[in-house]
Structure formats: C-alpha cells, structure tokens
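Remarks on the structure that follows.
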2 protein chains.
Amino acid sequence: MLLLAPISLSAARPELWQDLPDPQHHASQQDLCTADALSPSRLIVAGWACRCCSHADKRRQILGFLLPGDFVGRVLLPDLPLPYGVVALTALKTVSARPLVEAAANPDSAALARAVRLTAHLDDLLLFNQLMRLGQQTARERVVHLILELHERLGWVGLTRDDRFAMPLTPDVLADALGLSVVHVNRALQQLRTDGLLDVGDGTVALLKPEQLQDIAKWTSLSGTLKQ
Amino acid sequence: MLLLAPISLSAARPELWQDLPDPQHHASQQDLCTADALSPSRLIVAGWACRCCSHADKRRQILGFLLPGDFVGRVLLPDLPLPYGVVALTALKTVSARPLVEAAANPDSAALARAVRLTAHLDDLLLFNQLMRLGQQTARERVVHLILELHERLGWVGLTRDDRFAMPLTPDVLADALGLSVVHVNRALQQLRTDGLLDVGDGTVALLKPEQLQDIAKWTSLSGTLKQ
DNA sequence: CGACGAGTTGAACTTTGTCAAGCTTCGTGG
DNA sequence: CCACGAAGCTTGACAAAGTTCAACTCGTCG
C-alpha cells in the first residue's frame with residue numbers, strides 16, 4: 001500500500017508516484033486539457049505545465065504552474081469541466097492518477113484521502129498566493145515571490161540543490177503568469193541580478209540571499225500552513 | 001425534501017435556504033471567520049461579506065464577495081483551515097448550512113449533492129474571474145467586470161431590478177478587491193458615469209448600457225459555463 | 001556569411017499611486 | 001436648533017510604476 005508524506009501528493013516521495021500506470025509523454029506547448037473539457041485524472045512525473053486562461057484578444061493569464069508531483073485538473077471536482085486549460089511548458093511525462101484517487105475513496109486509507117484533500121487545499125493556497133501577487137505586489141516583489149514559491153514546491157520533490165533549481169520558463173511565460181509585460185519582467189530580473197540577490201539564466205535560478213529575498217516578497221512558507 | 005435550482009446553492013430559490021436553522025446576526029466589519037481557523041458551515045441569507053487576506057503591512061486583498069445564498073468558507077474542505085478570513089461588509093444574517101451539507105451526503109439526494117459541487121465550482125470560477133481582472137485588465141475594465149459579475153450573481157437570487165441593484169460597498173472596499181487605489185477606483189467610476197455607461201451612487205448601481213459595458217469588460221456570463 | 005529569433009536595453013508614453021486640499025455628511029454638544 | 005469637528009468621499013497635481021515600440025546584441029542555423 002502507498003505511504004504518503006503528510007503534506008500532499010506533491011510532497012509524497014517521488015518513487016511512489018513514478019510507478020503509476022499508463023505513462024504518457026507530451027511535447028512542449030501541447031494542451032493536456034482544453035478549457036471547459038473534463039480534465040484527465042493524471043499526475044505529472046516530469047516537466048512543467050501551467051493552468052492558463054486565454055481570453056480572446058491574445059491576452060492570456062497563467063493561473064499557476066504544475067510541477068512534478070502535481071495533479072492535472074482538480075482532484076475534488078473531477079466530473080465538472082475545467083474552467084481553464086492546461087498546457088505543457090516543457091516536454092512532459094504524466095501517469096494515470098486513477099489508482100491513487102480510487103484508493104483514496106477506500107475508507108481504509110485515511111492517510112491517502114487526507115493527502116488528496118491537502119492537495120486540493122494546496123491548490124487553493126497557490127491560487128491565493130497568485131492573487132496576492134497580482135493584486136498587491138510590485139513587479140519586483142511578484143518576481144521574487146513566484147520564484148520563492150517555485151523553490152519551495154520543487155524542494156518538496158527533491159528538485160532543488162543549495163537554493164538553486166531548474167526553471168524552464170521563457171520570459172514571456174513568466175510575464176503572463178505575473179501579469180506584467182515581458183520587458184518589465186526582464187527589467188525586474190536584471191535589477192535583482194545586479195543587486196546580487198539572485199542569479200537567473202539559462203534555465204536555472206540561484207537564490208543568492210534567501211532571507212533578503214523573502215523579505216522583499218513578504219514570503220511566508222507554504223509548509224507552515226500545510227502542516228496544520 | 002429540498003428542491004434546488006440546477007445551478008448552485010446561490011441559485012436555489014431563496015425561500016429554500018431562508019428557513020434553515022440557527023439564524024445569527026453579525027454587525028458590519030465583524031469577522032465571520034479568521035484566517036487559518038476552521039470555517040463555520042453557514043449560509044448567508046442577507047447582507048454582504050468578503051473573503052479577505054490581510055498581509056501585515058496594511059495592504060489587504062479581497063479575494064471575492066459573498067452574497068445572499070453563498071456559503072461561508074469552502075464546501076468541499078470543511079475540515080481544513082481557511083487560508084483567508086471572512087468579514088462582514090454590512091449587517092449580516094446567516095443560517096446553519098449543516099442540514100444541507102448532511103442531506104447532500106445522503107446518496108438519495110443526488111441533485112443536492114450536485115448543487116453543492118456546483119457551488120464549489122462556482123467559487124473556482126469567481127476566483128478565476130478575479131485573477132483575470134487583477135492580472136489582465138485595466139482599472140476601467142476591472143470595475144466594469146466586477147460590477148457585471150455582481151449583477152449576474154445578484155440576479156440569481158432576485159436582488160436586481162431592471163439592471164439596477166444595491167451595492168453596499170465603500171470605495172476602499174472596492175479598491176482592495178480590484179487591487180487599485182481608492183483614488184483610481186473613483187476616477188474610473190467617475191469616467192464611466194460621465195460616459196453615461198453606468199450610474200453609481202449611494203449604494204446602488206444602474207447599468208445604463210449593458211451591452212457596451214459587457215464589451216468593455218469582455219464579460220462572459222457565468223451561467224453559460226455553469227449550465228454545462 | 002547573412003538571416004533569423006530570442007533576449008536585452010533605451011526612450012517616450014500611459015496608467016496608476018500618492019499626497020494634499022476641498023467637499024460632504026453626520027453625529028455631538030453647546 | 002445650530003455650530004463644530006471628525007470621518008469619509010472626491011478632486012487635482014505631481015510622482016512613480018509599467019507598457020510600448022524600436023533598436024541592438026548575440027548565438028544558431030541555413
């Protein structure tokens with residue numbers, strides 16, 4: 001039987017969900033799910049994706065990023081159409097999450113059921129973070145805040161090393177996520193670089209002064225709230 | 001047995017949820033639930049409230065408004081702490097939603113269970129609307145978009161008349177919801193007024209040219225997506 | 001070698017925020 | 001009943017933040 005870490009599916013040890021059935025590969029830019037369709041019940045094993053609302057006039061808003069260990073779609077409302085699309089940002093590997101979801105329905109596996117619920121809770125938290133960024137923060141703060149969020153989430157699944165991680169996001173994806181123009185995202189990054197706070201380039205990020213960055217972004221750890 | 005409209009709890013006919021037990025009254029500005037506490041399982045019968053994240057340095061972001069018929073907290077995760085607070089914006093009357101939630105768990109009442117799930121779905125939709133406003137829209141667009149959203153939601157529970165409704169929001173509440181400064185919200189409202197598009201004042205709003213407003217805000221009806 | 005595209009920079013412009021002053025409204029106390 | 005002060009709403013002028021457009025760099029690929 002599966003044993004999960006107490007935080008969420010994302011935080012379960014990778015070896016647990018990498019062996020789920022029906023592995024599939026998706027090319028970068030491919031839709032995993034279009035808006036208003038039923039979302040597949042799948043888990044991301046490798047690669048990055050995003051939830052994304054494209055409103056007609058070529059403006060699009062990225063609602064959040066999906067990282068290895070994350071659920072595609074909504075765990076608790078699998079039967080309702082997704083109000084957003086899910087798009088692969090890199091080459092992607094996913095597996096079926098059905099065994100997990102079905103096992104969670106079994107009254108015996110309370111821990112798994114709890115992990116599923118915590119996953120939904122985490123989704124909410126991430127969405128609120130996103131809202132706070134867009135509604136309250138300046139460009140500089142938003143960039144740092146998002147990077148810290150990604151850093152924490154990737155840490156859960158062992159994808160960071162020494163405050164450094166791979167971030168396969170093009171500037172325009174970043175811009176769509178932060179509600180800023182590409183140019184301005186670049187400016188903010190540039191300044192953070194010259195301030196010696198972080199080192200971004202070529203698909204990787206290094207947090208040079210983590211405490212100072214947390215200060216700038218008013219960051220509060222997610223695991224704090226998730227632990228209960 | 002309760003019969004609900006096919007959209008959500010909000011859209012159920014008011015006479016159905018006004019008779020739920022344990023009515024309570026709350027003063028304006030009172031907290032219905034503080035952040036990180038368990039949310040009460042209650043329904044709003046009269047008055048407005050909001051979900052609201054107050055981050056230390058006196059910036060606060062309103063995540064969304066709660067109107068008559070709305071659930072306080074999250075229907076699907078009643079056992080996890082709310083990541084935001086709920087605050088009354090006017091004098092408020094609430095009732096216990098327990099009978100509804102318990103009835104929904106009964107396998108006989110599939111329609112009610114569906115309504116509960118649609119309520120959660122609607123919450124998501126509203127949150128995404130809010131994200132799109134904050135991330136993609138200009139001040140003018142945001143104001144109009146929010147007003148159209150409120151108009152539609154209030155329409156569901158019979159609180160509109162001829163494109164006119166009561167909106168008991170002070171400018172600073174509006175500002176916190178839209179991620180704008182009070183002054184700028186006023187500017188936007190003022191211009192909409194002089195453009196003859198809407199008439200705001202003294203707690204009521206009138207949509208003078210609905211189609212034009214929908215155009216400005218790129219509004220798409222919620223019931224469209226909810227009907228499925 | 002040149003053309004292309006992604007990433008970066010600079011400068012003008014637009015949108016939004018800030019500050020300060022004026023205007024209501026409303027409740028209070030003389 | 002009226003004057004007063006306080007608080008909230010509104011407006012104007014200026015400052016700051018962000019956007020747009022265009023030019024420039026620098027690898028990569030033909």
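Numbers restart at 1 for each chain; the letters A, B, ... are given by sequence-line order, proteins then strands.
In this model, a donor atom of one side chain and an acceptor atom of the other lie less than 3.5 Å apart for B:H184 and B:R187. Checked by atom type, the side-chain pair A:R164/A:H151 shows no donor-acceptor distance below 3.5 Å.
In this structure, the side chains of A:R140 and A:D195 come closer than 4.5 Å at one or more pairs of heavy atoms. Residues B:E211 and B:D215 have side chains not in contact (no heavy-atom distance under 4.5 Å, counting atoms from C-beta outward).
In summary, A:R193 and A:D199 do not engage in a salt bridge, as defined by a charged side-chain N under 4.0 Å from a carboxylate O. A salt bridge between B:E141 and B:R133 is absent, with no side-chain N of the basic residue lying under 4.0 Å from a carboxylate O of the acidic one. Between A:D70 and A:R42 there is no salt bridge, since no side-chain nitrogen of the basic residue lies less than 4.0 Å from a carboxylate oxygen of the acidic one.
Look at CG on A:D176: it is 14 Å from C1' on D:dT19, rounded to the nearest Å. Between the C1' atom of D:dT20 and the CG atom of A:D172 lies a distance of 16 Å, rounded to the nearest Å. One interatomic measurement links the two molecules: CZ of B:R133 to P of C:dT15, which rounds to 21 Å at whole-angstrom precision.
Heavy-atom minimum distance, B:I62 versus B:C50: CG2-CB, 3.8 Å.
Near DNA chain C, meaning a heavy atom under 4.0 Å away, there are no residues from residues 198-206 of chain A. Listed by residue number, the members of residues 180-195 of chain B with any heavy atom below 4.0 angstrom from DNA chain D are B:V183, B:N186, B:R187, B:Q190.
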